[in-house]
Amino acid sequence: CHTSGMPTPNGKEYAQKIPREELTHLILKLLQAWKEPLSHFNHHIEHHQELPDDSLSKAKQISNMVHELKTGVEKVTEKMQSMGIISNSLNGMASSEGTGLSISNEANMMSDSDFIHCFRRDSNKVQSYLKILKCRIMPENSC
């Protein structure tokens, strides 16, 4: 996976120990890291004549959802900063330069099944990190 070199907590217990700011930054880095590979993947599958139209539509929908999720996390981050929950040190860190990853051809050269496996793995991480962050910010949700 192209994000394998990105340091992420190994397990929920470790993720829960990461400060809010770092966890937020990690979420943004993971989402940004998938922008280009998803775009490449969509372009790649458009040329598969044997794929049904709904598969192409689903792939585009996934890319759009990742983009919307990243935008949403950025808005939540801004709100958290304005409320003083986290500092402003995350500004500009969601760009591809701020991820610390150089998106190599590795992500573009993966087989479709490897690509989907890696995407699912990182999606699960983002989902877990968002749940942890939500519980830290809004403990009244009895997490």
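Every heavy atom of this structure was used, including side-chain atoms; hydrogens, water molecules and symmetry mates were not.
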Can you tell if the side chain of P9 reaches within under 4.5 Å of the side chain of Y129, non-hydrogen atoms only? yes
Mind checking the CD-CD spacing from Q61 to E68? Nearest 0.5 Å is all I need. 9.5 Å
Taking atom CG of L130 and atom SG of C135, what is their separation to the nearest 0.5 Å? 11.0 Å
In terms of relative ring orientation, are W34 and H2 parallel, tilted or perpendicular, with 30° and 60° separating the classes? perpendicular
As an exercise, state the distance from CE of M6 to CG of L26, rounded to the nearest 0.5 Å. 7.0 Å
Point-to-point distance, once rounded to the nearest 0.5 Å, from CD1 of I27 to CD of E74: 12.0 Å
Side chain to side chain contact (heavy atoms under 4.5 Å, CB included) between I137 and M80, worked out: CA-CA 9 Å; I137 295 168; M80 288 168 46; 3.3 Å; yes
Is the side chain of T24 donor-acceptor paired with the backbone N or O of R20 at a distance under 3.5 Å, no angle test? yes
Could you give me the CA-CA distance, side-chain angles and deciding distance for V76 and L133, then say whether side chain to side chain contact (heavy atoms under 4.5 Å, CB included) is met? CA-CA 11 Å; V76 168; L133 194 58; 5.7 Å; no
Intermediate values then yes/no, side chain to side chain contact (heavy atoms under 4.5 Å, CB included), F41 and I62: CA-CA 11 Å; F41 182 72; I62 289 169; over 6 Å; no
Separation between OG1 of T3 and CZ of F119, rounded to the nearest 0.5 Å: 11.0 Å
Indicate yes or no: at least one non-hydrogen side-chain atom of R136 is less than 4.5 angstrom from one of L23. yes
Scan for side-chain hydrogen bond (donor to acceptor under 3.5 Å, both in side chains) pairs involving residues 6-16, sequence neighbours excluded, and state none if there are none. T8-K125
Enter the distance from Q32:CD to K29:NZ here, rounded to the nearest 0.5 Å. 11.5 Å
